[in-house]
Number of protein chains: 2
Amino acid sequence: MTRSAQAPAAGRTAKPTINDVARLANVSKKTVSRVINRSPLLNAETRERVEKVIRELGYVPNPQARALALRRNFLIGLIHDNPNAQMVLNMQQGILEALHGTDFEMVVRPVDRSSAMMLDDVRTFLERQRLFGVVLLPPISENDALAALCEEVGCRYVRMGSAQLDDADHMVASNDRELVKEATEFLIGQGHRLIGLIEGPDGFRSAQERRLGFEDALAAAGLSLPRSHIARGNYTFETGVTAANRLFDLSPRPTAIFASNDEMAAGVVFAARERGIAVPEELSVIGFDDTPIAAHIWPPLTTVRWPIVSMARAAARKLVGDVVGGEAAAPQPSELPSMLVRRASVAPPR
Amino acid sequence: MTRSAQAPAAGRTAKPTINDVARLANVSKKTVSRVINRSPLLNAETRERVEKVIRELGYVPNPQARALALRRNFLIGLIHDNPNAQMVLNMQQGILEALHGTDFEMVVRPVDRSSAMMLDDVRTFLERQRLFGVVLLPPISENDALAALCEEVGCRYVRMGSAQLDDADHMVASNDRELVKEATEFLIGQGHRLIGLIEGPDGFRSAQERRLGFEDALAAAGLSLPRSHIARGNYTFETGVTAANRLFDLSPRPTAIFASNDEMAAGVVFAARERGIAVPEELSVIGFDDTPIAAHIWPPLTTVRWPIVSMARAAARKLVGDVVGGEAAAPQPSELPSMLVRRASVAPPR
DNA sequence: AGACATTTGGAAACCGGTGTCAGAATACGC
DNA sequence: GCGTATTCTGACACCGGTTTCCAAATGTCT
């Protein structure tokens with residue numbers, strides 16, 4: 001019963017082809033093709049007639065046939081080597097939002113940066129699937145060879161990252177340095193003078209940017225940053241614990257710690273609890289990313305929120321934006337608000 | 001320099017086509033096609049000769065052309081409406097593991113169960129993309145109409161779930177009921193007699209199964225389960241907090257709480273902290289899923305681990321297993337170990 | 001030796017679109 | 001009114017496989 005309205009006038013038999021449309025509209029299939037592909041050299045009246053038939057028939061071009069003829073699939077690849085599930089899923093969400101209502105689908109491709117075959121694997125992937133384009137997620141997005149590869153095989157790409165690594169057409173960047181600077185200034189404003197840093201892995205641009213922001217703030221406040229107050233982690237909870245314990249052994253002990261992401265910040269809080277160090281009374285902690293864990297541990301973490309979903313959406317839109325075609329040019333959500341989320345993990349030093 | 005070894009003897013010019021293979025192997029393209037599609041009526045010697053040429057040439061059939069001719073894409077869809085990032089990503093990982101080395105790719109499709117258009121959207125998706133098959137993730141996998149739809153449009157499917165919802169060919173199930181029973185028995189074994197339950201959303205099979213397991217354990221121990229000791233959440237941290245507060249108001253207060261997933265269990269621990277209830281001294285907590293948050297909060301959660309990744313892998317293998325073809329029949333990892341992970345959130349009642 | 005089964009090849013159609021290019025239709029200049 | 005420039009449109013080959021239908025070659029069985 002309720003099924004009757006599902007396929008507008010299609011009769012639920014065989015899917016209509018371009019030939020059906022052509023016949024009913026009294027034009028050649030080539031002309032129908034022109035309508036579909038928004039060819040400019042086309043009589044407006046003819047276009048309308050064809051579009052009417054398309055609508056009535058509920059015709060949708062076959063993606064497989066188009067892929068073959070155009071030598072290009074209507075697929076957007078998502079290439080990542082990010083271990084943080086929440087981050088990856090948020091980015092997937094953003095991309096899917098951008099793709100919604102278009103003919104594009106998203107195919108996901110995790111890669112192993114440590115594998116010698118990584119580039120070859122990706123090359124095979126891109127060439128075989130003839131992807132329309134790919135979104136590169138951090139941190140693998142920082143790999144210039146990967147971007148060069150995309151260029152070489154003729155696959156559009158957009159990189160997401162913590163700083164401008166490429167020209168504007170190929171890049172959607174946050175401004176980690178500035179954000180971390182502000183977060184650190186907040187700690188300083190609370191009265192902290194001895195602040196420890198847990199930075200991200202060597203070679204990661206995000207790690208570098210965040211460290212620079214941290215240093216900026218300290219320098220601006222005229223504070224020194226002893227080498228010993230910097231520990232390194234690899235963005236995981238466990239390394240956060242280890243790094244925190246290293247900082248806890250310092251004397252005098254820092255009264256606050258900025259961890260380069262929430263996972264590590266959670267590790268700091270965990271380690272503090274193990275050592276009987278009260279947060280925030282004896283130790284303030286700030287994280288970065290505002291992933292769910294930040295709000296779910298005790299005390300909830302003060303952290304830096306940045307617009308993961310909208311950035312991913314913007315990235316995908318860069319890829320398909322012009323192809324999507326007029327109708328749903330979607331009044332760009334613009335937003336992109338970054339902010340310091342103040343929770344209970346920070347207090348003035350005693 | 002290092003590039004020389006990338007494409008085995010392909011010469012980095014144009015990709016070889018089926019015609020190239022046919023010419024070099026001295027057979028017709030029809031025969032090559034037979035080799036590719038593993039036709040049984042084919043002389044073994046001929047097959048080897050063709051396979052040799054294929055290997056030397058590094059020939060790979062064009063997926064777009066195949067998709068068009070076969071009216072079927074080499075894509076596996078992942079349909080989900082799961083809000084838990086870690087769970088979804090683990091399942092993606094499992095599917096990708098199963099797909100690795102095959103010609104299949106994974107395309108992700110989140111759906112909105114509350115939308116009236118959900119089924120129509122999925123139908124359009126399946127029919128347009130002509131997916132080879134789909135994996136349905138819980139909880140949307142419990143939707144029988146969705147499975148029926150897959151059947152109707154001729155798309156293979158495998159459902160993942162907490163109980164046997166379908167015949168073995170279409171189902172990969174865990175045994176939540178038994179697992180929860182064991183977890184609850186552990187609490188009882190620790191001496192708890194007044195145990196609260198935070199169950200999952202109404203209508204979710206997983207919620208029902210876990211509740212049944214909980215009841216099984218209590219009944220087996222001759223314990224009563226007052227209605228008031230059951231609170232409901234929707235698997236989120238926030239509802240866990242709310243439900244926990246409801247249970248905290250009971251008197252006598254339960255000495256232990258089983259939460260139907262880790263998110264809610266984390267909410268319980270958080271709420272306890274807010275109310276000054278010590279975990280595990282005054283309250284023991286057990287969760288379910290063993291997601292990262294379980295190990296990252298304080299105290300770390302005792303929880304039930306089940307093999308998310310391998311189940312997803314098994315699901316995908318059910319779809320592509322027979323098509324993949326002999327060579328990499330992969331000695332099934334079999335594993336699938338479920339277990340109670342004992343951490344600090346449980347102690348005997350005072 | 002003749003009948004029959006098993007393999008392989010060939011030609012052509014087909015899957016459902018798109019590119020090329022020539023020809024038709026209309027507009028413009030004189 | 002006519003040649004020509006400009007706009008539209010259609011015929012046809014093509015993307016790279018699969019499939020159908022037959023026929024031919026080889027081998028096997030009575």
Side-chain angles (χ1 to χ4, degrees), chain A residues 10 13-51 53-54 57-75 103 127-130 132 154 323 325, chain B residues 10 13-51 53-54 57-75 103 127-132 154 323:
Chain A
T13 53
K15 266 170 276 195
T17 73
I18 196 172
N19 293 304
D20 300 329
V21 177
R23 186 157 18 82
L24 290 179
N26 251 315
V27 296
S28 72
K29 54 193 261 193
K30 178 61 208 177
T31 298
V32 178
S33 171
R34 288 200 177 92
V35 172
I36 295 170
N37 294 296
R38 301 196 159 71
S39 161
L41 30 71
L42 192 56
N43 183 309
E45 189 192 340
T46 310
R47 157 167 300 143
E48 272 172 39
R49 181 154 42 95
V50 174
E51 280 177 344
V53 174
I54 289 179
L57 230 43
Y59 166 74
V60 178
N62 177 316
Q64 286 76 44
R66 295 187 82 191
L68 178 58
L70 289 169
R71 286 172 207 70
R72 183 198 318 141
N73 227 325
F74 286 74
L75 296 175
D103 294 336
E127 289 185 339
R128 280 246 265 280
Q129 298 301 325
R130 296 175 186 270
F132 184 90
V323 182
Chain B
T13 51
K15 266 170 276 196
T17 73
I18 195 171
N19 293 306
D20 301 329
V21 177
R23 187 157 16 81
L24 290 179
N26 249 316
V27 295
S28 70
K29 56 191 266 195
K30 173 66 207 183
T31 301
V32 178
S33 174
R34 285 192 180 110
V35 171
I36 295 171
N37 295 295
R38 301 198 160 69
S39 160
L41 30 71
L42 192 56
N43 184 308
E45 189 193 341
T46 309
R47 158 165 301 143
E48 273 172 38
R49 182 156 40 96
V50 174
E51 281 177 344
V53 174
I54 289 180
L57 228 45
Y59 167 73
V60 177
N62 177 316
Q64 285 74 45
R66 292 234 286 165
L68 178 57
L70 290 170
R71 285 171 209 73
R72 186 200 315 141
N73 227 326
F74 287 73
L75 297 175
D103 293 336
E127 290 185 338
R128 280 244 266 277
Q129 298 300 324
R130 294 176 188 268
L131 294 186
F132 183 89
V323 183

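These numbers come from a predicted model, not from an experiment. So that the names make sense, note that chain A is the first sequence line, chain B the second, and so on, each numbered from 1. Just the heavy atoms: all of them, side chains too, but no hydrogens, waters or symmetry mates, feed the values below.
D:dG17 atom P lies 12 Å from atom CZ of A:Arg128, rounded to whole Å. Remark: C1' of C:dG19 and CZ of A:Arg72 are 13 Å apart, rounded to the nearest angstrom. Rounded to an integer number of Å, the gap from NZ of B:Lys29 to C1' of D:dT20 is 14 Å. With rounding to whole Å, A:Glu48 atom CD is found 14 Å from D:dC8 atom P. Here the P atom of nucleotide D:dC15 and the CG atom of B:Asn62 are 11 Å apart, to the nearest Å. Taking atom CG on B:Asp103 and atom P on D:dG17, their separation rounds to 12 Å, with Å as the unit. Computed from coordinates, the B:Arg23 CZ to D:dG16 P distance equals 14 Å when rounded to whole Å. As a whole-Å value, the separation of A:Phe74 CZ from C:dG16 C1' is 13 Å.
To the nearest 0.5 Å, atom CG of residue A:Asp103 and atom CD1 of residue A:Ile36 are 10.0 Å apart. In this structure, CG in A:Leu68 is found 13.5 Å from CZ in B:Arg66, a value given to the nearest 0.5 Å. In this structure, CG in A:Asn73 is found 11.0 Å from CZ in A:Phe132, a value given to the nearest 0.5 Å. The structure places CG of B:Leu75 at 8.0 Å from CD of A:Gln64, a figure rounded to the nearest 0.5 Å. Note that CG of B:Asn26 is 11.0 Å distant from OG1 of B:Thr31, once rounded to the nearest 0.5 Å.
In the set D:dA11, D:dT18, C:dG16, C:dG16 carries the atom at the smallest distance from any side-chain atom of B:Arg130. Considering only side-chain atoms of A:Ala69, the nucleotide from D:dT18, D:dC15, C:dG9 that sits closest is D:dC15.
Nucleic acid contact class of A:Leu68 (heavy atoms, under 4.0 Å, all strands): base. Across all strands, A:Val32 comes closer than 4.0 Å to no nucleic acid atom at all (heavy-atom distances). In this structure, A:Asn19 reaches neither bases nor backbone, as no heavy-atom distance under 4.0 Å exists between it and the strands shown. Nucleic acid contact class of B:Leu70 (heavy atoms, under 4.0 Å, all strands): sugar-phosphate only. In this structure, A:Asp20 reaches neither bases nor backbone, as no heavy-atom distance under 4.0 Å exists between it and the strands shown.
The phosphate of C:dG9 (OP1 or OP2) has a side-chain N or O of B:Thr31 nearer than 4.0 angstrom. In terms of phosphate contacts, A:Arg34 brings no side-chain nitrogen or oxygen within less than 4.0 Å of OP1 or OP2 of D:dT9. Between B:Thr46 and C:dT8 there is a side-chain N or O to OP1 or OP2 distance below 4.0 Å. Contact between the side-chain N/O atoms of B:Tyr59 and the OP1/OP2 oxygens of D:dG16 is not found at any separation under 4.0 Å.
Closest-nucleotide positions on DNA chain D for B:Ser33 and A:Arg49 were compared, and the one nearer the 5' end corresponds to A:Arg49. Taking the nucleotide of DNA chain C with the nearest heavy atom to each of A:Arg71 and B:Lys30, the more 5' of the two is matched to B:Lys30.
Just one residue in the list A:Leu42, A:Val21, A:Val27 forms a side-chain contact (heavy atoms from CB on, under 4.5 Å) with A:Val35, and that residue is A:Leu42.
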